[in-house]
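Encoded as structure tokens, the structure appears first; notes follow it.
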Number of protein chains: 2
Amino acid sequence: MDKDISRAVIGRLPRYLRYLGELKDKNVERISSSELSVLMKVTASQIRQDLNNFGGFGQQGYGYNVDYLYSEISKILGLEHQYNFIIIGAGNLGKALGGYLNFEKRGFILKGMFDKDPALIGTEVRDVKVMPMEDLPSFIRSNDIDIAVLTIPKEGAVLVAKVLVENGIKAIWNFAHVDLDVPEYVQVENVHLSDSLMKLSYNISSYMENNK
Amino acid sequence: MDKDISRAVIGRLPRYLRYLGELKDKNVERISSSELSVLMKVTASQIRQDLNNFGGFGQQGYGYNVDYLYSEISKILGLEHQYNFIIIGAGNLGKALGGYLNFEKRGFILKGMFDKDPALIGTEVRDVKVMPMEDLPSFIRSNDIDIAVLTIPKEGAVLVAKVLVENGIKAIWNFAHVDLDVPEYVQVENVHLSDSLMKLSYNISSYMENNK
DNA sequence: CAACAATTGACAAGAATTTAACACAAATCT
DNA sequence: AGATTTGTGTTAAATTCTTGTCAATTGTTG
């Protein structure tokens with residue numbers, strides 16, 4: 001793409017895409033920034049400004065064409081590519097993510113799963129077999145894997161990340177509760193569930209404080 | 001608590017807590033903002049400013065006492081309370097969250113699980129039985145449930161959220177891929193996994209664009 | 001116990017983000 | 001066809017968030 005779009009804007013794009021998808025499903029053809037702003041509970045100004053980071057997708061007096069805008073945002077997010085991914089850690093969380101069919105629809109193809117627990121090796125999620133950790137390096141190399149999903153406890157995560165990087169992984173979707181230290185050319189997206197739960201806890205207790 | 005602390009600050013607190021926990025485990029007694037800043041890869045200034053939102057936890061010439069700071073941040077996040085929670089949706093994701101013992105350590109107590117699938121009803125996660133949806137309202141009321149974790153597909157989520165609110169739930173940890181519309185006194189924390197994956201996708205493709 | 005080093009807390013300056021305002025192109029109405 | 005309305009793209013203002021600086025305070029050392 002181009003220069004530097006702010007993280008804040010990127011973070012909002014998936015939400016735009018979601019609402020546009022719903023509009024598509026309802027066969028809505030066009031929508032104005034102000035209509036969308038009501039739906040999404042953000043300012044119309046922000047919508048226009050966000051979209052204009054990537055060029056003018058709308059038209060005065062008409063608004064935005066839903067299909068067109070949807071596909072443009074998809075492109076911006078890189079969703080027209082296909083990505084091969086593997087899951088490391090075949091516990092419940094790993095299996096949940098592996099079984100999530102919507103990822104497939106978006107172009108994320110599950111190629112393999114790995115675990116160090118012998119009891120899990122050989123079990124399957126959607127025709128994908130769980131393999132032992134020893135096979136990981138060669139598998140990444142010979143199957144053109146782009147993304148590794150890390151659903152293992154934090155203790156092992158740092159070491160596994162090292163192996164992944166050494167074998168040319170492009171990105172890590174990290175559910176382990178540590179900050180990974182990887183080269184800048186490897187993209188990391190963290191999902192720290194307990195952080196999220198703590199924020200909820202803060203909100204509950206801060207609401208109670210303010211309203212007692 | 002007091003006036004309005006910015007969302008950005010709150011969002012960083014769990015990460016501070018995590019690093020302080022690690023320091024505690026290593027029996028580190030005190031740490032200065034600049035040492036911590038190296039560890040956490042943020043500016044010392046930000047650490048000091050963040051903490052000062054809540055009062056002066058440090059001491060000139062000394063730094064911050066790790067144990068004390070840890071417990072103060074815990075308090076701010078409301079982690080000294082106990083919260084009773086239930087999980088709605090006993091699929092892999094629900095089971096993964098239900099089985100996560102660290103939540104228990106933080107004071108989040110799993111009281112029940114619910115699902116509409118008859119095949120799952122009666123199965124157990126850590127001695128907690130999966131119950132049918134019909135039992136949900138009375139269970140919330142009679143077991144003093146604070147938090148509901150929503151791990152069901154988006155189709156059912158809006159309706160279930162309504163039921164939760166009607167029965168006095170305080171907070172919803174929402175993994176369903178919709179924005180819930182609840183009264184302001186109900187706290188909602190969204191975990192939209194596909195949004196997170198799309199951000200990763202953006203980063204991969206934008207990195208490739210810039211480096212081809 | 002005085003001098004010095006360390007380090008916070010406070011505040012100011014600087015960035016970044018969000019919201020508002022508006023000129024004007026496109027669509028629609030009469 | 002001309003007038004009116006709609007609604008973008010853009011620039012400007014307001015707000016929020018982050019970083020840098022420094023006086024004040026505390027701990028440490030000889």
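Note that the structure is a prediction, hence the values are computed from the model and not measured.
- For B:W173 and B:Y83, the distance between ring centers is not under 6.0 angstrom.
- The closest side-chain heavy-atom distance from B:M131 to B:F139 is below 4.5 Å.
- Mapping heavy-atom proximity under 4.0 Å, the span of DNA chain D touched by chain A runs 5' to 3' from D:dT6 to D:dT11.
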Legend entry - Contact letters for nucleotides 22-30 of chain C, in which S counts primed atoms plus P, OP1 and OP2 and B counts the base, heavy atoms under 4.0 Å: B--BSSS--
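- If you take CG of B:N53 and P of C:dA10, they are 11 Å apart, rounded to a whole angstrom.
- Under 4.0 angstrom from either OP1 or OP2 of C:dT17 there lies at least one side-chain N or O belonging to A:S6.
- Relative orientation of the A:H192 and A:H177 rings is perpendicular, given thresholds of 30° and 60° on the angle between their planes.
- B:E22 and B:K26 are not joined by a salt bridge, as no carboxylate oxygen comes within less than 4.0 angstrom of a charged side-chain nitrogen.
- You'll find the side chain of B:P14 stays beyond 4.5 Å of the side chain of A:Y202, heavy atoms only.
- Between B:Y16 and B:L69, every side-chain heavy-atom pair lies at or beyond the 4.5 Å cut-off.
- Remark: B:D50 does not engage B:R15 in a salt bridge, criterion side-chain N to carboxylate O under 4.0 Å.
- As judged by a 4.0 angstrom heavy-atom cut-off over every strand, B:S34 is placed among residues making no nucleic acid contact.
- One atom, CZ of A:R12, and another, C1' of C:dT17, lie 8 Å apart when rounded to the nearest Å.
- Using a 4.5 Å heavy-atom cutoff, the side chains of A:Q187 and B:Y207 are in contact.
- The phosphate of C:dA10 (OP1 or OP2) has a side-chain N or O of B:N52 nearer than 4.0 angstrom.
- Across the protein-nucleic acid pair, A:L51 atom CG and C:dT17 atom P stand 16 Å apart, rounded to whole Å.
- Straight-line distance from the CZ atom of B:F54 to the P atom of C:dA10: 14 Å, rounded to whole Å.
- Nucleic acid contact for A:S32: sugar-phosphate only, since backbone atoms but no base atoms lie under 4.0 Å from a heavy atom of the residue.
- Within the structure, a side-chain polar atom (N or O) of A:T43 is placed less than 4.0 Å from OP1 or OP2 of C:dT19.
- Here C:dT17 presents its P atom at 10 Å from CZ of A:R7, a figure rounded to the nearest Å.
- The salt bridge (Lys or Arg N to Asp or Glu O under 4.0 Å) pairs that include a residue from residues 142-154 of chain A are A:D146-A:K170, where partners are two or more places apart or lie in different chains.
- Remark: C1' of C:dA21 and CD of A:Q49 are 13 Å apart, rounded to the nearest angstrom.
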